[in-house]
Amino acid sequence: MILKSEALCKSFKRLVKDENGKRGATKQEEFYAVDHVDLEAGGGEVVGVLGPNGAGKTTLLRMLGCLMQPASGRVILKDDEGREINGSVEIKKHIGYLSGNTRLYQRLSARELMHTIADIYGMDEETQDKRIEEISEILDLSSFIDNRIERLSTGQTQRVSIARCLVHSPSVYIFDEPTLGLDILSSESIIDFMMGERDRGRTVLYSTHYMEEAQYLCDRILMMYKGRIVVEGTPEELMEKTATKNLRETFRKMIEEEI
Amino acid sequence: MNRRILISLYKKEILDILRDKKTILMMIVVPLILYPLLFFGAMYLTSSLINSDTERSYIIAYDEKTESEGVIEFFAERAPKHDYKLAYIKADISEFEAGVADVFISYRMIGGKAYYQIAYKAAETSSQTALSIAEKLMSEYREHLRSELFKKMALDEQAFMDPISFEHKDMSSKEENAGYLLGYIVPFLMITSILMGALYPAIDATAGEKERGTLETLLTLPVRNMELIAAKFAATSTVAVAAAILNMISMSLMGAYFYSTVAGSGGEVLNLLSYLPAVLIMLLCVIVFAMFASAVCLSACIFAKSFKEAQNYTTPVMLVFMICGMAGMIPALELDSTTALIPVVNISLLIASLFKLHFELSLIAMVLLSNVAYSLLAIVIMTRVFSSEQILFGDSAGGMKLLEGRKNMKKGQIPGVGDCVLLLSLLLLIILFAGSLLIVRFGSWGLIAEQFLIFFATSFYAWYIKADFKKLFMIKRPRVAAVIGGVIAWIGSYLIVQVLGYAIQQLFPEAFAAQQNDLVSIWGEDPLWLLVLSSALIPGICEEWAFRGFLLGSLKNRYKKLTAVILCGLIFGLFHLSPMQILLVSVFGLVMAVVAYESGSIFPTMLMHFLNNLSAVLISKYRDVLIEKYDWAEAVPLYAVFVMAALGALFTVAGLLLVIKKGSAKCTK
């Protein structure tokens with residue numbers, strides 16, 4: 001499946017100093033968190049969205065995941081035959097969305113949570129049981145799957161989080177900083193998971209602040225700054241362009257150029 | 001709405017709520033343990049107080065003259081007959097003040113008559129009790145002296161003192177009497193317990209989910225806003241109903257215990273079965289009220305970002321509910337066709353009247369239906385006003401521009417649905433409180449003042465959000481055809497309204513007559529010019545300004561034409577706050593909304609509104625004359641009604657066609 005955006009925009013209001021007003025006066029100003037972004041992510045690739053804090057990564061991913069309505073422009077999802085899928089509810093059925101803000105219901109167990117979600121996706125009970133068994137095996141949940149989520153460790157919780165967005169076997173994953181605050185082992189399992197899904201022909205769109213991780217994982221990188229995509233390419237291309245040895249330096253150099 | 005999604009969301013909500021210890025505590029522990037504890041505690045306290053009252057002995061102090069008159073001797077002789085334990089001490093007032101006794105009796109002679117003063121201390125319970133004992137004995141002493149006197153004069157005391165006899169007899173059944181007492185306290189307890197039951201899950205399901213970050217997870221799923229809110233509403237209502245039923249059980253158990261002790265000790269035996277219909281209807285009340293309370297709590301909490309903020313928002317809701325819940329205790333307030341429409345008050349009054357064994361089906365239906373309608377309305381508004389995005393990422397109280405600073409307003413904007421809801425609430429308050437007060441106090445002049453308040457509130461709101469007045473209020477010179485069309489459409493709708501009014505009159509003769517009398521009493525004896533001014537000309541301008549101006553101007557920008565005009569008409573009807581008028585006024589409001597929409601000008605409808613109210617004023621002013629002259633038959637022949645309806649439809653359609661007329665300048669979006 002192919003996820004595309006056309007001239008995607010989102011504006012917010014913020015308070016700024018009012019130059020003409022009294023001392024200390026503020027006024028509201030509209031600014032673009034995401035400014036006419038066109039992107040395309042096809043099957044079998046991991047696309048990294050990088051950028052400093054406040055660049056608009058989260059807003060962009062939220063719009064792509066149909067959690068937010070764009071101010072203008074649109075999100076397009078095409079299936080393998082090139083047919084367009086219409087409506088945000090329909091698009092959501094093919095997307096697995098995960099971010100630091102998508103927390104879990106603490107008082108449910110992982111199994112109950114997955115059953116609830118599978119119900120919402122309209123899966124019948126037999127399929128549900130089978131799918132949950134499968135996921136439990138992939139992510140090694142079996143030892144704690146029936147415990148309430150509030151009793152799980154951070155790493156276990158993160159695995160359940162991933163399990164949550166796997167239930168409906170999505171074709172496109174949107175992960176907003178999935179490895180934030182995790183130890184090496186937990187991050188590695190997530191990275192392995194993303195690579196595995198890529199090899200299965202799924203599309204992964206993800207944002208991160210860890211450059212080494214992005215360099216290792218991403219097939220393509222979109223660098224965002226002030227709501228716009230300033231540069232796009234494979235990690236190698238970007239490093240070549242800026243004549244740097246690693247993505248960390250590439251990132252620094254590009255942001256400095258932009259400023 | 002997808003039923004399957006709704007059910008799975010509902011199941012999730014219920015599971016989530018039931019596993020929360022705090023909710024369980026509020027739901028089960030409070031009614032099942034705290035209430036009986038409070039009840040038995042109070043009983044124990046009262047009985048121990050009563051016991052200590054009778055067992056205690058009181059000290060009566062007296063001065064020398066009182067003793068020499070023989071009062072104390074009489075007291076000492078009589079007190080044992082009443083089981084009063086009294087001790088006597090001779091003292092003076094300063095010793096009494098120092099605390100040697102509970103009361104102090106002194107004697108004086110005033111105008112040849114013996115005068116006793118019983119000094120006591122109102123701030124001391126024992127002194128108060130001693131006072132009542134002393135007063136009782138004192139009046140017995142007076143009777144004793146009187147009998148002596150009659151005897152001495154050889155007269156028949158009975159014939160002198162009681163030339164006649166009378167008594168009273170209670171014709172209420174024992175059940176009605178007990179119900180009267182129950183009706184006092186049950187509505188309040190019921191309303192409070194339902195509110196408590198709804199409050200916590202409502203906060204938890206909205207602000208709680210936002211705070212815990214699970215709402216965003218929920219929104220990654222293919223779920224529609226309506227499904228989300230409907231599931232939360234259903235879950236909250238379920239918990240509220242469960243809490244209320246637990247409360248009912250707890251209360252009935254206590255009642256049963258109390259009753260069995262009273263009946264066991266020779267008290268009155270009630271026919272408990274006679275309360276069965278009341279209890280069954282009360283169950284229905286519990287369900288609809290739980291829906292209403294849930295809808296209100298959810299509406300309040302959905303603004304909040306955190307638990308704490310939600311609690312702040314729900315505090316005023318709680319206060320209003322509790323105060324309205326006491327309506328059942330106000331003796332002058334009765335359930336009628338008006339109070340049946342006031343939320344919370346109607347439930348309180350209905351439960352109270354049920355226990356008095358009054359069953360008026362039409363009122364019961366009105367209370368139940370209005371609660372369901374209010375809940376659904378709240379839910380629909382909630383889903384419309386708040387998109388999932390606003391719930392999640394938006395600022396609190398989004399959608400209402402009045403809550404933002406004026407300097408941040410864009411020029412020439414159109415009010416949103418949130419603005420309409422806010423303005424309408426404001427107007428409702430003006431009409432309900434300021435308006436009724438002004439009209440009662442100043443009659444026609446009060447009516448004028450109320451209309452001006454409506455006008456200014458609407459204008460202020462539009463000014464504050466920097467709306468384009470010309471566009472919003474459709475200030476435009478109408479075409480001549482539109483004006484003529486409007487007048488013809490008015491004649492048509494007037495006929496239709498008369499036919500509908502006739503039908504309603506046949507269905508609910510009493511309520512309709514009461515309504516007519518209300519109107520006449522408002523208009524009273526004022527001169528005709530004042531009536532025309534206050535009831536026709538000014539409402540024609542001010543109400544149109546608010547409803548066909550602000551409201552329609554905003555609605556037509558959000559909704560399709562049909563939805564906009566129907567909503568506008570219906571809200572206009574509802575605003576007349578009288579169940580008999582809703583339909584009639586809505587029809588008229590609908591026709592006016594179409595005229596305003598199609599002509600793009602507010603002036604034709606102002607004229608229509610004026611003509612309509614003018615005819616009402618004239619007819620009611622000259623009602624007696626008209627009745628005398630034309631000798632209106634009691635029953636209008638059926639064919640006449642049909643002819644009138646047909647003519648009405650014809651005129652309306654013709655008028656509207658004139659207004660619509662192809663190629664005319666329609667109102668600009």
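All heavy atoms count here, side chains included; hydrogens, waters and symmetry mates do not. Each chain gets a letter, A, B and so on, in the order its sequence line appears, and its residues count up from 1.
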Name the region of Glu227(B), side chain, backbone, both or neither, that has any atom closer than 4.5 Å to a heavy atom of chain A.
-> neither
Positive for side chain to side chain contact (heavy atoms under 4.5 Å, CB included) with Ile120(A), one of Ile7(B), Val223(B), Asn2(B) | Val223(B)
Got a salt bridge between Arg103(A) and Glu209(B), using NZ or NE/NH1/NH2 to carboxylate O under 4.0 Å?
-> no
Calculate, to the nearest 0.5 Å, the distance between atoms OG1 and CZ belonging to Thr220(B) and Arg164(A) respectively.
-> 4.5 Å
In terms of heavy-atom contacts, Leu108(A) and Asp16(B) come closest through CD2-N, 4.4 Å
Candidate pair Tyr105(A) and Leu218(B), rule side-chain contact (heavy atoms from CB on, under 4.5 Å), full reasoning | CA-CA 10 Å; Tyr105(A) 288 96; Leu218(B) 207 52; 3.5 Å; yes
What part of Ser88(A) gets closer than 4.5 Å to chain B, counting heavy atoms only: side chain, backbone, both or neither?
-> neither
Please determine if Asp124(A) and Arg4(B) form a salt bridge, counting it only when a charged side-chain N lies under 4.0 Å from a carboxylate O.
-> no
All heavy atoms of Asp119(A) vs all of Lys11(B), minimum pair found to be OD2-NZ, 4.0 Å
What residues, two or more places apart in sequence or in another chain, satisfy ring-ring contact (aromatic ring centres under 6.0 Å, His included) together with Phe307(B)?
-> Tyr200(B)
Hey, could you give me the OG1/CG distance between Thr116(A) and Leu15(B), rounded to the nearest 0.5 Å?
-> 7.5 Å
Gln106(A) versus chain B, the contacting section by heavy-atom distance below 4.5 Å = neither
State plainly whether the residues Arg62(A) and Glu216(B) are in salt-bridge range, i.e. N to O under 4.0 Å.
-> yes
